[in-house]
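As structure tokens, the structure follows; a few thoughts come after it.
The shown structure was predicted, so the numbers you read here are calculated from the model rather than taken from an experiment. Throughout, a chain's letter reflects where its sequence line sits, starting with A, and its residues are numbered from 1.
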Amino acid sequence: MNNKKIASVRGMHDIFGEDHYKQQDIIDNFIKVVSLFNFSPINTPIMEHSEVFIRSLGNVSDVVMKEMYSFLDKSKDSVTLRPEGTAGIARALVSNGLTQNLPQRYFYHGPMFRYERPQQGRLRQFHQVGIELFGKGSYFEDCEVIRIAYFFLKNLNILDKVLLKINTIGKSSSRNNFINEIKSYFNLNKKKLSSDSLKRLEKNPLRILDSKDPQDQDLLKEAPIIYNFLSKDELDNFENIKSLLSSIGISFIVDPFLVRGLDYYSDTTFEFTLKENQKFAILAGGRYNDLVKELGGSQIPGIGWAAGIERLKDLVVKIFKNISPVLLIPTEKKYLTYIFDISNKMFLKGINNQIIDFYNLKKSLKYANKNNAKIAIIVGEHEFNNFLVSYKNLDSGEQSYLDQEELFNKLRYA
RNA sequence: GCGACUGUAGCUCAGUUGGUUAGAGCGCUGGUUUGUGGUACCGGAGGCCGUGGGUUCGAGACCCAUCAGUCGCCCCA
């Protein structure tokens, strides 16, 4: 026999108690907000063919190169636990031919998986809520999606702790010109570049832009700016987004160095980060105009965002769930039928109740205390014989005999 | 993938330069109270000292590996 305790898999935690209530509360809040803006729910599998993510996120992105939870299934197909939600939904759009009737507005929530070192605000299994809007690529959509994020965070009462940053990285043609330009700029300044950024220069030069290294930051002051490489249309579009957001009272800062790590982004990118730790994003997203096409559909532009529930949870102030059950205490097993009958009636009236099968008053009342009960209903010989219950107020200690009609009358006002 | 710190009871943690039978508080449990809780007092249970190897007459302590946690970096929600 092996008595060793078994732990959960690294970076994957059990969620219960206070944490669970808090997370559920965030999800409930999210659903309430997005439903009011007529987004509809979609659940895609938590596992996809690896190709879905490789094609969409980009095969040089860090997420794909080192963070994918991939393995071969029994028929030797490479499958991957989803590292994010967008790719699967875009795939579902194509798979189910949902592209006939646009716009489509979807929301989702659920677990995501990334194989990385656990630390503050980062787990191997974590949970996200998110929305996706597939439409025609107008600047209205960008604002629509950002304002919904804004109201979501506002409802959670954490707007004062976050900062909205937006940027545009243009369409791929303009972006490629820009990338070539910064490549040569940084190549000229190679020796001043941090070692991390030297690697980025080969793999993904765009990422040097949001380097936090002070040396790199210095270099960035003189670096080419993306806006000089964008077409008039791209710039106008960005201006339209900014002025529409301002006109509806959503404040933001423009961050020309905000680039995101997933290949599918184009044009608008945005992030809500913590005010006091601006590299810590709690909600982030952007536009992905080529993603659906990349996954075998037609050219359907989309935009969306996702927020990490665990990251939000740490910001939301404690929610007190004052769950206070009525505890039903039989003193002997033979009163169970009678107690079940009362419990059933409470259920039908929507009263939170629980039967305690200790058959020991002292233990039962102790349990009642520990579980935040305010009222105990005791049934013993006297109560049973006279069709009564003892109604005990656990705060005051007062106790009285009631018949069932009196009991439910009293509970109505308790 | 790289780095730092940590791992002793359900929880929070003591445990001296390596030296008998590993401790405390909280929690749990029994009793004082045979149908009455919260308080008090008295008792009890509960530990392969994360795991595996090594050094030593002797390891919870030292060394190595490994797993896990926390926190940085990369990256990301």
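- Judged by atom type and distance alone, A:Q119 does not reach the base of B:rG3 through any side-chain donor-acceptor pair under 3.5 Å.
- Closest to the A:P118 side chain, of the nucleotides B:rG69, B:rA77, B:rG37, is B:rG69.
- Note that A:R124 lies in the cation-pi zone of A:Y115, set by a 6.0 Å cut-off to the ring centre and a 45° limit from the axis.
- Atom NZ of A:K161 is surrounded by more than 12 heavy atoms from other residues, nucleotides or ligands within 6.0 Å.
- Under the 4.0 Å criterion applied to side-chain N and carboxylate O atoms, A:D341 and A:K345 are assigned as salt-bridge partners.
- Here A:K313 does not reach the OP1 or OP2 of B:rA77: none of its side-chain N or O atoms lies under 4.0 Å away.
- Within the cation-pi definition used here (under 6.0 Å to the ring centroid, within 45° of the axis), A:R114 does not qualify as a partner of A:F126.
- Sequence order on RNA chain B of the closest nucleotides to A:R207 and A:E398 puts A:E398 first from the 5' end.
- Residue A:K370 places at least one side-chain N or O under 4.0 Å from the OP1 or OP2 atom of B:rC28.
- With hydrogens and angles ignored, no donor-acceptor pair under 3.5 angstrom links the side chain of A:Q23 to the base of B:rA77.
- Under 4.0 angstrom from either OP1 or OP2 of B:rU70 there lies no side-chain N or O belonging to A:R117.
- Side chain of A:R311, nearest nucleotide from B:rA77, B:rG35, B:rC75: B:rA77.
- Side chain of A:K363, nearest nucleotide from B:rU36, B:rU70, B:rG30: B:rG30.
- Here A:R10 reaches the OP1 or OP2 of B:rG69: one of its side-chain N or O atoms lies under 4.0 Å away.
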